[in-house]
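Whatever order the structure lists ligands and atoms in, that order sets their numbers, starting from 1.
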Amino acid sequence: MESRDSVPPYIASVSYDRRLYRQDVAASNAHARMLATQGIISDEDASLICSGLQSILQEIEDGAFPWREELEDLHMNIEARLFEKIGEAAGRLHTARSRNDQVATDIRLYCKEVIQDTVAGLKALQEALVSVARAHSGVIMPGYTHLQRAQPVLFAHHLLTYFHMLQRDRERFAECLRRTDVLPLGSGALAGVPYPVDREMVAKELGFSRVSENSIDAVSDRDFLVEYHANAALCMAHLSRLAEELVVWSSQEFGFVRLGDDYTSGSSIMPQKRNPDVAELARGKTGRVYGYLVGALTMLKGLPLAYNRDLQEDKQGFFDTVDTLLSTLPVFTGMVATMEVRSERMREAAGDASMLATDLADYLVRKGEPFRAAHGIVADLVRHAESQGVSLSELQLSDYHRFSPRFDEDVYEVSAESSVAGRDVPGGTAPRRVAEALREADHLLEAEL
Ligand code: ARG
């Protein structure tokens with residue numbers, strides 16, 4: 001322990017790193033037991049340390065722990081309290097350890113837990129998406145490009161898009177869990193420790209799959225945190241796109257969904273309004289999450305090896321990102337699960353005959369017209385209908401014939417339903433394919449990552 005017993009507030013981190021207390025106590029317990037097993041400290045001292053830590057843990061959980069900012073950080077606070085509780089033996093806990101490998105261990109333990117929570121939160125939202133898609137599997141809506149009506153699609157097909165984005169997010173988090181799952185303890189300040197420690201024992205006790213392979217790397221890198229930030233940023237981008245669609249869909253202009261009361265608010269002066277606040281807030285919070293990713297990367301850039309105090313700045317942004325993502329996921333699960341899907345509004349919008357232009361071109365292609373020519377014919381036809389102020393389905397067969405003799409009575413069979421059914425390719429929006437996709441989604445939810 002440093003000789004100084006009070007640090008300037010600028011250096012202190014205890015106001016936020018105390019959040020790592022459970023991990024810190026668990027790591028200290030494992031370390032003390034290992035030191036005793038290896039004969040580095042006595043069994044009696046180890047027992048005293050462990051029972052002291054146990055009562056400290058209790059105090060913290062009861063809100064009774066006397067946190068002192070002048071003691072700088074969480075680690076020094078707990079150690080000082082341990083001295084008060086068990087006396088001299090407390091001084092043996094920090095044998096074969098430095099705060100550098102200690103804090104790296106704490107934050108890796110913490111990160112592992114939140115990755116698991118994140119993966120579970122993602123899965124719950126995916127389940128909600130699948131069940132809403134399944135409950136409305138026959139509903140046709142307009143598919144958009146440039147937010148212009150493009151081609152009819154199944155609503156379920158559209159929703160499953162988000163399922164797949166989140167599936168990839170879930171895979172990315174599971175992937176970064178493997179790289180986070182490495183024990184730094186035993187690296188000391190940077191060079192390793194001059195005691196016969198058993199790192200594997202500590203790793204096993206704390207649930208780490210591996211021990212770090214390079215002591216300098218173990219105390220100086222935070223790339224696992226950057227991965228969490230990056231994955232969170234991408235996940236928020238996905239959620240923000242869904243948020244934007246819910247905002248648009250719940251507008252009076254679209255009216256495709258009605259969001260539940262818990263996810264909207266009224267206006268103080270305009271009683272008719274149902275503002276999609278929750279979706280808007282999620283969209284807004286995405287910016288903060290992006291910011292912390294850049295903050296973490298910039299904090300690492302240019303740091304010489306090994307530990308530098310800059311690394312203490314890894315925590316606040318990370319905690320805020322974790323809080324943001326872990327609160328956004330369940331809110332979206334609830335919002336999606338409870339939204340009222342207004343299928344008649346979607347179907348009505350999907351009935352816009354101009355969206356069948358591509359299908360009419362494909363119709364002509366099936367009758368022998370080359371695609372490029374067919375495309376030109378239909379473009380002229382659409383312009384004609386527009387100038388007459390009628391929809392394509394209201395044109396007479398004689399009107400059609402002015403543009404191509406290949407048109408027949410069966411042109412009136414071209415509809416949103418036939419359009420959707422025709423897209424019968426793997427990954428397409430045909431009902432048969434979407435039913436398959438829903439079953440595949442169930443499998444992905446059951447499968448190991
Ligand atoms: N509070 C510090 C942090 O979060 C702990 C490590 C301090 N190490 C040091 N050598 N000053 O990074």
Cationic tip of R108 within the cone over F224's six-membered ring, i.e. under 6.0 Å and within 45° of the normal?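 Yes, cation above the ring, under 6.0 Å and within 45°.
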
Proximal atoms of ligand 1 relative to [X] (non-hydrogen, under 4.0 Å):
| X | value |
| --- | --- |
| S13 | 1 (N) |
| R309 | 11 (N) |
| Q312 | 1 (N), 2 (C), 3 (C), 4 (O), 12 (O) |

Stepwise, does the side-chain hydrogen bond (donor to acceptor under 3.5 Å, both in side chains) test hold for H31 with Q102?
CA-CA 10 Å; H31 183 66; Q102 186 179 358; over 6 Å; no

- prompt: Okay, side chain of Q126, backbone of F163: is any donor-acceptor separation there less than 3.5 Å?
  reply: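 Present.
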
- Query: Would E88 and R92 pass as an ion pair if we require N to O under 4.0 Å?
  - Reply: no

Under 4.0 Å between a side-chain nitrogen and a carboxylate oxygen: does that hold for R433 and E440?
no

Within the 4.0 Å heavy-atom cut-off, what E72 brings close to ligand 1 is neither

Query raised in the report: Does the N or O separation between D73 and ligand 1 drop below 3.5 Å for any pair?
Result: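 So ligand 1 has an N or O lying under 3.5 Å from an N or O of D73.
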
Do any nitrogen or oxygen atoms of H75 lie less than 3.5 angstrom from nitrogen or oxygen atoms of ligand 1?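 Between H75 and ligand 1 (N or O atoms, distance only) the closest approach is not under 3.5 Å.
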
Does K315 come within less than 4.0 angstrom of ligand 1, counting non-hydrogen atoms of the residue? yes

A90 meets the side-chain contact (heavy atoms from CB on, under 4.5 Å) criterion, sequence neighbours left out, with L82, F83, I86

